[in-house]
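Here is the structure we will look at, set down as structure tokens.
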Amino acid sequence: AIGLGICYDLRFAEMSQCLSRLGAEILTFPSAFTIPTGMAHWKPLLQARAIENQCYVIAAAQVGKHNAKRSSYGHAMIIDPWGTVVAECRDGVSVALAEIDLDYLKKIRANMPVNNQRRPDLFGQVTPITTVPGLPDDEWEF
């Protein structure tokens, strides 16, 4: 299953955790980080979401100058559940490709079952809103 987020959602671990609990094996974050925040935060945030949820993270990223005041960092990445960057677009327009190995993901989750060891009794648990009119029963809104 794929969990979909966007740019700013990357900063909130709870959303990714909820998507993972709902069965996501891949988290996506198409983004347009600015150059300063991209240089400082982009890769560590993506790796954190991959590691803490034991998911692949696929992050498309706008790159280049949009106008006189805004430029995007780029550096689209694919990160495996161990936090290893398996593909990255460095500078300019490019394409990142990587194999998604769900058996590897299952092995990581079996060897370190962090989702089973979370302590919602101590730290709470974010859950999706399930009473949104018009959404099918198998779709979620946060």
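Note on M39 and L46: same hydrophobic cluster, where clusters join Ile, Leu, Val, Met, Phe, Trp and Tyr whose side-chain heavy atoms are under 4.5 Å apart, directly or indirectly. Under a hydrophobic clustering in which Ile, Leu, Val, Met, Phe, Trp and Tyr are joined whenever their side-chain heavy atoms come within less than 4.5 Å, directly or via other members, I78 and Y104 fall into the same cluster. The hydrophobic clustering, which links ILVMFWY residues whose side-chain heavy atoms are closer than 4.5 Å, places I58 and I108 together. The cluster map of Ile, Leu, Val, Met, Phe, Trp and Tyr, joined by side-chain heavy atoms under 4.5 Å apart, puts M15 and V57 in the same cluster. A single hydrophobic cluster is not seen to contain both I79 and V114; linkage of ILVMFWY side chains at heavy-atom distances under 4.5 Å, directly or through other members, places them apart.
For the pair S16 and F29, the tightest heavy-atom approach, listed with the atom from each and the gap, is OG-CZ, 3.4 Å. Considering all non-hydrogen atoms of both residues, A24 and G3 come closest at CB-N, 3.8 Å. Of all heavy-atom pairs spanning P44 and H41, the tightest one is CD-O, 3.3 Å.
Counting only N and O atoms by type, the side chains of S72 and H66 include a donor and acceptor under 3.5 Å apart.
In this structure, W42 CH2 and F33 CZ are separated by 6.0 Å, a value rounded to the nearest 0.5 Å.
Under the side-chain contact (heavy atoms from CB on, under 4.5 Å) test applied with W82, the options Q54, M112, Q47 reduce to a single match, M112. None of T28, L19, L27 except one satisfies the side-chain contact (heavy atoms from CB on, under 4.5 Å) rule with L4; the exception is T28.
Using cut-offs of 30° and 60° for the angle between ring planes, the F12 and Y8 rings count as perpendicular.
Between the side chain of Y56 and the backbone N or O of L105 there is no donor-acceptor pair closer than 3.5 Å.
The salt bridge (Lys or Arg N to Asp or Glu O under 4.0 Å) contacts involving residues 23-50 comprise R49-E52, where partners must be two or more places apart or lie in separate chains.
With contacts defined as side-chain heavy-atom distances shorter than 4.5 Å, the pair P81/C55 does not qualify.
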